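These numbers come from a predicted model, not from an experiment. In what follows, chains are A, B, ... by sequence order, proteins preceding strands, each numbered from 1.
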Number of protein chains: 2
Amino acid sequence: MESQDLRNAGLKVTAPRLKMLELLEKAEGRHLTAEAIYRLLLDAGEEIGLATVYRALTQFEAAGLVTRHHFEGGQAVFELERGPHHDHIVCIHCGRVEEFYDEVIEKRQRSIAEKLGFNMRDHTLTLYGECNAPSCMNKRIKS
Amino acid sequence: MESQDLRNAGLKVTAPRLKMLELLEKAEGRHLTAEAIYRLLLDAGEEIGLATVYRALTQFEAAGLVTRHHFEGGQAVFELERGPHHDHIVCIHCGRVEEFYDEVIEKRQRSIAEKLGFNMRDHTLTLYGECNAPSCMNKRIKS
DNA sequence: CTTGCACTTGAGAATAGTTATCATATAAGA
DNA sequence: TCTTATATGATAACTATTCTCAAGTGCAAG
């Protein structure tokens with residue numbers, strides 16, 4: 001239950017926070033911007049402020065409930081932290097995001113950090129490319 | 001000579017652009033923000049506008065003369081594009097940046113992209129950790 | 001050399017994304 | 001139920017960057 005997640009994080013259980021978590025749940029791994037979350041909730045008839053969305057997302061991130069990614073371009077995107085770590089590949093044409101995990105790369109990163117005298121704490125790996133989704137390829141031909 | 005780089009890129013050879021390239025050259029691989037470049041030039045007695053710095057950096061990037069990184073936190077940093085591709089590891093305490101290149105990771109990325117149906121065009125890999133520089137460790141103990 | 005003009009420049013306004021402020025509202029332990 | 005630390009929404013403020021525009025300048029053609 002989401003309310004338990006909130007309590008564990010030392011956050012009060014409030015309507016805006018629950019709605020946001022539900023939405024992220026329903027989004028099933030899609031990567032949403034703060035703005036998108038705000039609009040979706042408004043469209044669903046919820047009363048919520050953009051500031052609250054940003055605030056809550058920051059708190060969720062601190063609590064390890066969501067992850068923030070920056071990819072290329074302005075806005076940050078958020079996704080629910082379900083399961084283990086993974087990296088991303090983003091289509092430079094349609095923005096589609098796929099996730100992957102590679103043990104070889106993970107191991108290699110740790111040993112590189114160690115060799116350079118760093119105690120590794122985190123990393124971001126994002127690949128960019130052209131995806132082979134039909135809808136995306138069509139768009140490219142037209143333009 | 002830098003002026004040739006500019007001509008090759010289809011850019012006119014102007015004082016501000018040359019000064020910026022010289023500065024980046026002297027920075028020897030340090031990663032500078034647009035703001036830092038601007039201030040350094042002002043301090044050196046050059047007359048230049050911040051808008052010009054941003055404009056030129058964008059043009060240099062398009063021409064492949066410099067690379068733009070986002071790391072964590074607000075401002076982008078720039079470095080001269082000398083030699084082959086490399087990735088970065090950043091100290092989360094002092095911000096020190098080291099560079100590395102790992103053929104195993106590079107290969108692995110390409111095959112992952114292919115497997116997922118992407119034609120890979122680019123990637124960013126940044127590790128974050130605590131560095132073992134004496135100056136950095138001291139600061140941590142004090143605070 | 002001059003000259004013409006497309007390209008540049010600097011200053012400041014404008015924008016995008018995000019965070020801070022503040023008065024009001026509310027969750028939840030006593 | 002009371003109390004109070006937290007949370008909320010509206011809006012102002014802020015940061016990084018880009019845009020606008022009038023004035024200036026590199027450079028190719030004469």
K.L.:
Separation of A:H69 atom NE2 from C:dG17 atom P, in whole Å?
P.N.:
18 Å

K.L.:
Would you indicate what A:E35 reaches in the nucleic acid, counting non-hydrogen atoms under 4.0 angstrom: base, sugar-phosphate, or nothing?
P.N.:
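Nothing, no nucleic acid heavy atom in range.
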
K.L.:
Check whether any side-chain heavy atom of A:H31 lies under 4.5 Å from a side-chain heavy atom of A:H88, and answer yes or no.
P.N.:
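In contact.
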
K.L.:
What does A:T14 touch in the nucleic acid at a heavy-atom separation under 4.0 angstrom: a base, only the sugar-phosphate, or nothing?
P.N.:
sugar-phosphate

K.L.:
Taking ring-ring contact (aromatic ring centres under 6.0 Å, His included) as the definition, give me every residue that meets it alongside A:H70, ordered by chain and number, with sequence neighbours left out.
P.N.:
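By the ring-ring contact (aromatic ring centres under 6.0 Å, His included) rule, A:H70 matches no residue at all.
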
K.L.:
Could you state the CZ-C1' distance from A:R7 to C:dA27, rounded to the nearest angstrom?
P.N.:
10 Å

K.L.:
In terms of hydrophobic clustering (I, L, V, M, F, W, Y; side-chain heavy atoms under 4.5 Å; direct or indirect links), are A:L21 and A:Y54 co-clustered?
P.N.:
yes

K.L.:
What is the separation between atom CG on B:L18 and atom C1' on C:dT9, rounded to the nearest whole Å?
P.N.:
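Rounded to the whole Å, the gap is 14 Å.
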
K.L.:
Quick one: B:L42 CG to C:dA11 C1', roughly how many Å, whole number?
P.N.:
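After rounding, the gap between these two atoms is 13 Å.
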
K.L.:
Please report, rounded to the nearest Å, how far the P atom of C:dG17 is from the CZ atom of A:R68.
P.N.:
14 Å

K.L.:
Side chains of B:T124 and A:Y128: closer than 4.5 Å at any heavy-atom pair?
P.N.:
yes

K.L.:
Please pick, from C:dG10, C:dA28, C:dC7, the nucleotide with the shortest atom-to-atom distance to any side-chain atom of B:K12.
P.N.:
C:dC7

K.L.:
Please tell me which of the listed nucleotides, C:dT8, C:dT21, C:dG12, lies nearest to the side chain of B:A51?
P.N.:
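Closest of the options to the side chain of B:A51: C:dG12.
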
K.L.:
At what distance, to the nearest 0.5 angstrom, does CD1 of A:I112 lie from CD1 of A:I105?
P.N.:
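The distance works out to 10.0 Å.
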
K.L.:
State whether A:R96 and A:E98 are salt-bridged, where the test is any N-O pair (Lys NZ or Arg NE/NH1/NH2 against Asp/Glu carboxylate O) under 4.0 Å.
P.N.:
yes

K.L.:
Considering only C:dT18, C:dT9, C:dA11, which nucleotide approaches the side chain of A:L50 most closely?
P.N.:
C:dT18

K.L.:
Check step by step if side chain to side chain contact (heavy atoms under 4.5 Å, CB included) holds for B:L24 and B:L65.
P.N.:
CA-CA 10 Å; B:L24 285 164; B:L65 293 175; over 6 Å; no

K.L.:
Earliest and latest nucleotide of DNA chain D, 5' to 3', sitting under 4.0 Å from a non-hydrogen atom of chain A?
P.N.:
D:dA5 to D:dT11

K.L.:
Using a 4.0 Å heavy-atom cut-off across all strands, classify B:A34 as base, sugar-phosphate, or nothing.
P.N.:
nothing

K.L.:
How close or far is atom C1' of C:dG10 from atom CZ of B:R55, stated in whole angstroms?
P.N.:
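It is 7 Å, rounded to the nearest whole Å.
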
K.L.:
Is the phosphate of C:dA27, meaning OP1 or OP2, less than 4.0 Å from a side-chain N or O of A:R17?
P.N.:
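Checking C:dA27 against A:R17, no side-chain N or O comes under 4.0 Å of OP1 or OP2.
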
K.L.:
Considering only NZ, NE, NH1 and NH2 on the basic side and carboxylate oxygens on the acidic side, decide whether A:R110 and A:E103 come within less than 4.0 Å.
P.N.:
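Yes, charged N to carboxylate O under 4.0 Å.
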
K.L.:
Which sits closer to the 5' end of DNA chain C, A:G74 or B:T52, going by the nucleotide each is nearest to?
P.N.:
B:T52

K.L.:
Closest-nucleotide mapping onto DNA chain D: is B:L11 or B:F78 further toward the 5' terminus? I mean the 5' end.
P.N.:
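The residue mapped nearer the 5' terminus is B:F78.
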
K.L.:
Write down the distance between CD (B:Q59) and P (C:dT8), rounded to a whole number of angstrom.
P.N.:
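After rounding, the gap between these two atoms is 6 Å.
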
K.L.:
What nucleotide among C:dG17, C:dC22, C:dA28 has an atom nearest to a side-chain atom of A:Q75?
P.N.:
C:dG17

K.L.:
Figure out the OH/C1' separation between B:Y38 and C:dG12, and round it to whole Å.
P.N.:
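Result: 11 Å.
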
